[in-house]
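Report on the structure given below.
Only a predicted model underlies this, so the values are computations on that prediction, with no experimental measurement involved. Numbered from 1 within each chain, the chains take letters A, B, ... in sequence-line order.
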Amino acid sequence: MNATATDEDEGRFAAHAVTLTVNGQRRQVEIQPWVTLLDLLRERLGLTGSKKGCDHGQCGACTVLVNGHRINACLTLAVMHEGAEVITVEGLAEGDALHPLQAAFIEHDAFQCGYCTPGQICSALGLIVEGEARSADEIREAMSGNLCRCGAYPNILAAIEQVLADDERRPE
Amino acid sequence: MSPFAYRKPAALDEALALAGPGARFIAGGTNLLDLMKQDVLRPKLLIDITGLPLRGIAPTGDGGLLIGALVSNAELARHPEVLRRYPLLSRAILAGASPQLRNMASTGGNLLQRTRCYYFYDTATPCNKREPGSGCAARDGLNRIHAILGASEHCVATHPSDMCVALAALEAKVVVAGPEGERRIPFADFHRLPGDTPHQDNNLEDGELITAVELPPTGFASHCAYLKVRDRASYAFALVSVAALLELDGGLIREARIAVGGVAHKPWRDSEAEVALIGQPPVEASFHAAADILLRDAQPLAHNGFKIELARRCIVRALSDAIGGGRP
Ligand code: FES
Ligand code: FES
């Protein structure tokens, strides 16, 4: 901002205090309103697991869970998430123990370059939480918001199917 | 994105008082932020309405359903009352976008989606919708996805929403609040045809905010279908989509509704085509006749002529599907 900034500009450039929980940790930040949740995670909090593929809601590489729902972090303003619980791919493993989805992705070789993978895994977690998709066709449709330019789709599907099947076998 | 100020009012009055030139309401933000990143929209102030109490889904006095403007598309599509009484609406919503986007996108915002015309998004080209008076690059450009009905020399854009096609068929009402108080707009009068003012997508007045969508008591749950045809199996806008609703009586059609998406600046309905079906047997010949009426004035551009035949077939197929395609 330069010395001739008007009052209006002062308002426009004002930063906002936002407190949110990311992977179980309370984070307090001062951010400008146009910072997306994705940019907050990557640029301010150093959580570069969530990827910026298209930055326009078209690829799903930025998928994270907010209050239990999967969303595109690139198409939402961080300032609108005061008090939110955010889970990114960094929050899935318990110490050295991988999340079942992470393990299944490795077991099924469900990636090549890996760029889409954090988004795929977070999206698959959202899918499991929703509890609606069961058949292969339903899983494909429910994963349609996540593109994989390497074309690892068959293996991504196999990994998710396995985790769903394991969940079903597990006693309540 | 150009810098902007941000406010989050806690009450409706406060939100309405903040509205003014250069200000925009934001809820899900999935389309607005996209357009801001593309520099198509440059609001000076965003009014975050997600703190307003507009998240309910409740029965209305006359047996309909009132859906708060902030209900997410995902929540609406899986609401038990919607699944039971208005399965068409649920299916249309699930045919659109991706699960991530449906978790963010709001009911009110879905109605206010802007066209996905390439030239509207490309600030290097003329577009009367984005820059009134600058011209229409789509008319003589790449227009495979554009309108075949109700277009004007100024604009050939289509409305992108699936949900709105269902709401048009169901004859919902849009509840809006503004400086003059509350009013209800019949769905058919909400969106506009482009005419010579294509920059106006709808008939909201300055400063008005959608607070709810009201569904009438009748959801045609026994005979409904939503058919969407697009360039890939999922997660793409419709080339053509059709919402079909039928009411049968003694083997004949008592009432029919056909709304077509992807073909015009708003969900397209034609009362003559619907009236022609009344008293007819629900067979393909009747459906063909109705489709012919609905498409009688269709005008192809250089690349979208295929949509006329595609729409014809989709109408016939959706009406056929509707006979057996009710609630499971
Ligand atoms: S980066 Fe968010 S959807 Fe592509
Ligand atoms: S693994 Fe390369 S994009 Fe999916």
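- Remark: A:Arg140 pairs with A:Asp137 by the salt bridge (Lys or Arg N to Asp or Glu O under 4.0 Å) rule, at least two apart or across chains.
- Within a 6.0 Å radius of CZ in B:Arg7, other residues, nucleotides and ligands contribute 12 heavy atoms or fewer.
- A:Thr36 has its side chain within reach of B:Lys37: a pair of non-hydrogen atoms, C-beta onward, lies under 4.5 Å apart.
- Using non-hydrogen atoms only and a strict 4.5 Å limit, the part of residues 117-133 of chain A facing chain B consists of A:Ser123, A:Glu130, A:Glu132.
- Other residues, nucleotides and ligands contribute only 12 or fewer heavy atoms inside 6.0 Å of the CZ atom of B:Arg24.
- Annotation: residues 60-97 of chain A contacts chain B through A:Gly60, A:Thr63, A:His69, A:Arg70, A:Ile71, A:Asn72, A:Cys74, A:Leu75, A:Thr76, A:Leu77, A:Val79, A:Met80 [non-hydrogen atoms, separation under 4.5 Å].
- In this structure, chain A has no heavy atom under 4.5 Å from any part of B:Leu32.
- Residue B:Arg230 qualifies as enclosed at atom CZ: its count of foreign heavy atoms under 6.0 Å is above 12.
- More than 12 non-hydrogen atoms from other residues, nucleotides or ligands lie less than 6.0 angstrom from CZ of B:Arg232.
- In this structure, CE in A:Met143 is found 12.0 Å from OH in B:Tyr235, a value given to the nearest 0.5 Å.
- Scanning for ring pair (Phe, Tyr, Trp, His ring centres under 6.0 Å) contacts around B:His191 gives B:His159, B:Phe187, with sequence neighbours left out.
- For the pair B:Pro3/A:Pro33, no side-chain contact is recorded, criterion being any heavy-atom separation below 4.5 Å from C-beta on.
- For chain A, the nearby part of B:Thr50 is the side chain; its heavy atoms alone come within less than 4.5 Å.
- When heavy atoms are compared at a cutoff of 4.5 Å, B:Ala105 does not approach chain A at all.
- The heavy-atom pair separating A:Ser144 from B:Pro99 by the smallest distance is OG-CD, 4.3 Å.
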